[in-house]
Every structure is written in C-alpha cells, then in structure tokens.
**Q** 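Dropping the structure in here first, questions after.
For ligands, and for the atoms within them, numbers begin at 1 and follow the listed sequence.
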Amino acid sequence: MTWLNGKVVENRRWTETLFSLCVEAPKLAFQAGQFVRIALDVDGQRVARAFSFVNPPQDPTLEFYGVIVPEGPLSPRLAGLRVGDTLQIASNPAGFLVLSEVPDAQALWLLSTGTGLAPFLSILRTEAPWRRFREVVLVHAVRHARELVYRDMIARLQTERRLRYVSFVSREGAPGALAGRIPAALKDGRLEAAAGVALSAETSQVLLCGNPDMLKDVNAVLGERGMRKHRRRAPGQITTESFW
Ligand SMILES: Cc1cc2nc3c(=O)[nH]c(=O)nc-3n(C[C@H](O)[C@H](O)[C@H](O)COP(=O)(O)OP(=O)(O)OC[C@H]3O[C@@H](n4cnc5c(N)ncnc54)[C@H](O)[C@@H]3O)c2cc1C
Ligand SMILES: NC(=O)c1ccc[n+]([C@@H]2O[C@H](COP(=O)([O-])OP(=O)(O)OC[C@H]3O[C@@H](n4cnc5c(N)ncnc54)[C@H](OP(=O)(O)O)[C@@H]3O)[C@@H](O)[C@H]2O)c1
C-alpha cells in the first residue's frame, strides 16, 4: 500500500455536522460499495479512517460523505478542509459490500442509517443493480429531516431508473418519511408497504450499512424470516458493513 495525494475540489456542508468532500486524485480501481482509507497528518502523526466512495468507479473525481464526530480525531478536521487543501488516500480500496458478492434475486434492498447511505449511492450509479434485480429499494434512516441528503441524486434515480426510496426520520415528525427505526417498521410491515415490495428469503437480497446496532437489530428481525448472513461457502441473503 502506498499513499496518494488528493486535492480537495469541493467541500459541501449539508448541515452543521454533515459534509461531502470531492477530491481529485490519481485513478483508483475499486468496486462500487467499497471504501478506502483517507488520512491527514495531525501533529506529525498520520490519522487514517475508512470512507466509502460515494462516486461510482467510472467517475474521475472521488467523493466522500461524512459526519463530524465532535470528539473524533479525523472527521472534524476533514470537515474543515478547504478547496485546494490536500489529504492522503490509500492506494488499496477494499470491502465486501459489493454486488459482485451478492447472489441474484428478484429484489435488492439497500438499508442505511446516517452516512451509511454513501456506498449505496455508488452502487446505484452503476449498471449492475438495474440489470440484475427487478426491484431496487433504497432506505435511508436519519435522526432529523435535514439529514436526508443527496435528494436530487435520489430523485433522478427514481425517475431515470426505477429506484424505490423510503426514508425514516426518528427524532421529529417529517412529512413523507416513516417515523421510528428500520427494524420496527420491518417487523410490523410498514417498510414493505411503503416500498411496495415484499421482503422474503425467497425473493430478496439485503445490504445493510451504517450503525452497528441497526445491523444487529435488522439481522435479528430478518433471522425470524429465515434469512441469514451471505457467505461465499454458505449462501444467504444478508450482506453488512458496520461503520464503527
Ligand atoms: C468500512 C468503513 C467505511 C466507513 N465509511 C464511512 C463513510 O463513508 N462516512 C463516514 O462518515 N464514516 C465512515 N466510516 C467511519 C469512519 O471511518 C470514521 O470512524 C469516522 O469518520 C469518524 O472518524 P473520527 O476519527 O472523527 O472518530 P473515530 O474515533 O473513528 O470514531 C469515534 C466514534 O464516532 C462514532 N462514529 C464513527 N463513524 C461514524 C459515522 N459515520 N456516523 C455516526 N457515528 C460515527 C462511533 O461511535 C465511533 O466510535 C467508515 C468506517 C468503516 C469501518
Ligand atoms: N445527527 C446529529 O444530529 C448529530 C449531531 C451532532 C453530532 N453527531 C455525531 O454523529 C453521531 C451520530 O450520527 P448519526 O445521527 O448519523 O447516526 P446514528 O446515531 O446512527 O442515527 C442514524 C439513524 O439510525 C437510527 N438508529 C440508531 N440505532 C438504531 C438501531 N439499533 N436500529 C435501527 N436504527 C437505529 C437512529 O434512530 P434513533 O434516533 O432512534 O437513535 C437514526 O434514525 C453521534 O455519535 C455524534 O458523534 C450527530
């Protein structure tokens, strides 16, 4: 592994705590859904963290979507970068949240909390989901309505592709979004009703990304439906990536 120099070409601030960095860097080979470590030198020490690509592999500009964890060593500094600043990018993208590892099915469910949306935006801007799955559902769960980001891109995928999008807002009322959390809405049928798609072991592959507690709770609900983690040697229906 080597470190590549990246130059910030845009730092978009969605809310006080949410930001997207666009970065020019030497070309990196990766699969949609993968992540790469990005780093800054802080007091002479290199501080590196994994970030999922928001951009699809064919895009020349890299894009990362992040939240400021106030006490975190890296995220507040990334959020403070300006156009023209440099950061380091590892040369070895990695990760198994990729469609090449996922078996065929009728429906593809992409369930995310917070910044866990990022890898799904990369996947959805490739051809594979539309070629391989009849129904594609993106679910994004956040605390506050203002954190429902990338709405223009999602709207384009709804009209130009056939994306079905369901949002959750857990800490305030929000028109058009479901209330509460993903696992409860899976359990009582509200999520499937909102998507207009059935979620079953026979018909669906489910990718989960974001908060580790969400991953655990959704795994438990899906387990009750006879679904289990997908492994190369023991095929199942659930593929996960925990952000912490
Ligand atoms: C495979 C992988 C991919 C990742 N992709 C992304 C990404 O695309 N965007 C992104 O913002 N982060 C992503 N992360 C998390 C990221 O690597 C950092 O942990 C995060 O940016 C915070 O860094 P930090 O140094 O400020 O704090 P850290 O010391 O790394 O984290 C401190 C604490 O902050 C909380 N936390 C960390 N990340 C998040 C998060 N994303 N949302 C909410 N709470 C969090 C956790 O409680 C964690 O223990 C990913 C992590 C992994 C393992
Ligand atoms: N988002 C903010 O306003 C904010 C502000 C300042 C700092 N931060 C930093 O960012 C971190 C949190 O970021 P975040 O809001 O993106 O992520 P988050 O805490 O993971 O919340 C995102 C969504 O996931 C839901 N969730 C949490 N646990 C779940 C579970 N077990 N099952 C299903 N859903 C679950 C939350 O619901 P609930 O609301 O019910 O928990 C919320 O709707 C904080 O630790 C903090 O460091 C965030």
**Q** Is there a path of hydrophobic side-chain contacts, each under 4.5 Å between heavy atoms, that joins Tyr165 and Val169?
**A** yes
**Q** Verify, without hydrogens or angle tests, whether Thr126 (side chain) and Ile123 (backbone) share a donor-acceptor contact under 3.5 angstrom.
**A** yes
**Q** For Phe64, is the nearest heavy atom under 4.0 Å from an atom of ligand 1?
**A** no
**Q** Can you check whether Ala145's main-chain N or O pairs, donor with acceptor, with Glu172's side chain at less than 3.5 Å?
**A** yes
**Q** Among all the protein's heavy atoms, is there at least one whose distance to atom 24 (P) of ligand 1 comes out below 4.0 Å?
**A** yes
**Q** What residue and heavy atom of the protein are closest to atom 39 (C) of ligand 1, and at what distance?
**A** Trp244 CE3, 3.5 Å
**Q** Between the candidates Ile68, Leu40, Leu117, Val69, which shows the shortest non-hydrogen contact distance to atom 35 (C) of ligand 1?
**A** Val69
**Q** I'd like the name of whichever of Leu78, Val67, Val54 reaches closest to atom 40 (C) of ligand 1 through any heavy atom.
**A** Val67
**Q** For atom 1 (C) of ligand 1, what is the closest protein heavy atom, and at what distance to 0.1 Å?
**A** Phe35 CD2, 3.4 Å
**Q** Indicate whether the side chain of Thr239 and that of Glu101 have a donor and an acceptor atom separated by less than 3.5 Å.
**A** no
**Q** Among protein heavy atoms, which sits nearest to atom 2 (C) of ligand 1, and what does the distance come to when rounded to 0.1 Å?
**A** Ala50 CB, 3.5 Å
**Q** May I ask you to decide if Arg190's main-chain N or O and Asp188's side chain share a donor-acceptor pair within less than 3.5 Å?
**A** yes
**Q** So which protein heavy atom does atom 41 (N) of ligand 1 come closest to, and at what separation?
**A** Thr115 OG1, 2.8 Å
**Q** Is there side-chain contact between Leu163 and Trp130, with heavy atoms separated by less than 4.5 Å?
**A** yes
**Q** Spell out, as yes or no, whether a donor-acceptor pair under 3.5 Å connects the side chain of Thr61 to the backbone of Cys22.
**A** no
**Q** Looking at ligand 1, does Pro73 have a heavy atom less than 4.0 Å from it?
**A** yes
**Q** Say whether Ala118, considering both its backbone and side-chain N or O atoms, lies within less than 3.5 Å of an N or O atom on ligand 1.
**A** no
**Q** Which of these, Arg49, Gln34, Arg37, has its nearest heavy atom closest to atom 18 (C) of ligand 1?
**A** Arg49
**Q** Quick one: nearest non-hydrogen protein atom to atom 7 (C) of ligand 1, plus distance?
**A** Phe243 CE2, 3.4 Å
**Q** With heavy atoms only and a cut-off of under 4.0 Å, state how Glu241 meets ligand 1: side chain, backbone, both or neither.
**A** side chain
**Q** Look only at the side chain of Ser91 and the backbone of Thr2, and say whether a donor-acceptor pair between them is shorter than 3.5 Å.
**A** yes
**Q** Work out which heavy atom in Val149 is nearest to a heavy atom in Tyr65; give both atom names and the distance.
**A** CG2-OH, 3.3 Å
**Q** For ligand 1, which atoms sit closer than 4.0 Å to a heavy atom of Tyr65?
**A** 7 (C), 8 (O), 9 (N), 10 (C), 11 (O)
**Q** With a 4.0 Å cut-off on N to O distance, would you call Arg225 and Glu192 a salt bridge?
**A** yes
**Q** Does a salt bridge link Glu127 with Arg132, judged by any charged N lying under 4.0 Å from a carboxylate O?
**A** no
**Q** Tell me: protein heavy atom nearest atom 11 (O) of ligand 1, and distance?
**A** Gly66 CA, 3.2 Å
**Q** Using the side-chain hydrogen bond (donor to acceptor under 3.5 Å, both in side chains) criterion, which residues pair with Arg46? Sequence neighbours excluded.
**A** Asp41
**Q** Find out whether the Lys NZ or Arg CZ of Arg12 is both under 6.0 angstrom from the six-membered ring centre of Trp14 and within 45° of the ring's axis.
**A** yes
**Q** Starting from atom 26 (O) of ligand 1, locate the nearest protein heavy atom and write down its residue, its atom name and how far away it is, to 0.1 Å.
**A** Ser75 OG, 2.6 Å
**Q** Considering only N or O atoms, set out every pair between ligand 2 and the protein closer than 3.5 Å, with distances to one decimal place.
**A**
unit_1   : atom_1 : unit_2 : atom_2 : d
ligand 2 : 1 (N)  : Glu147 : OE2    : 3.0
ligand 2 : 3 (O)  : Glu147 : OE2    : 3.0
ligand 2 : 15 (O) : Arg143 : NE     : 2.9
ligand 2 : 19 (O) : Arg143 : NE     : 3.4
ligand 2 : 19 (O) : Arg143 : NH2    : 3.0
ligand 2 : 20 (O) : Asn211 : ND2    : 2.8
ligand 2 : 28 (N) : Arg181 : NH2    : 3.4
ligand 2 : 31 (N) : Asp213 : O      : 3.3
ligand 2 : 31 (N) : Asp217 : OD2    : 2.9
ligand 2 : 37 (O) : Ser170 : OG     : 3.3
ligand 2 : 37 (O) : Arg181 : NE     : 3.4
ligand 2 : 39 (O) : Ser170 : OG     : 2.6
ligand 2 : 39 (O) : Arg171 : NE     : 2.6
ligand 2 : 39 (O) : Arg171 : NH2    : 3.3
ligand 2 : 40 (O) : Arg181 : NE     : 2.8
ligand 2 : 40 (O) : Arg181 : NH2    : 3.3
ligand 2 : 41 (O) : Arg171 : NH2    : 3.0
ligand 2 : 41 (O) : Arg181 : NH2    : 2.8
ligand 2 : 43 (O) : Val142 : O      : 3.1
ligand 2 : 43 (O) : Ser170 : OG     : 2.7

**Q** Measure the distance from atom 8 (O) of ligand 1 to every protein heavy atom, then report the residue, atom name and distance (to 0.1 Å) of the closest one.
**A** Ser52 N, 3.0 Å
**Q** Take Phe53 and Phe64 through the test ring pair (Phe, Tyr, Trp, His ring centres under 6.0 Å) and record every step on the way to the result.
**A** CA-CA 6 Å; Phe53 296 97; Phe64 304 105; 5.8 Å; yes
**Q** Does Ser242 come within less than 4.0 angstrom of ligand 1, counting non-hydrogen atoms of the residue?
**A** yes
**Q** For Met214, does its backbone N or O pair with a side-chain atom of Asp217 as donor and acceptor, under 3.5 Å?
**A** no
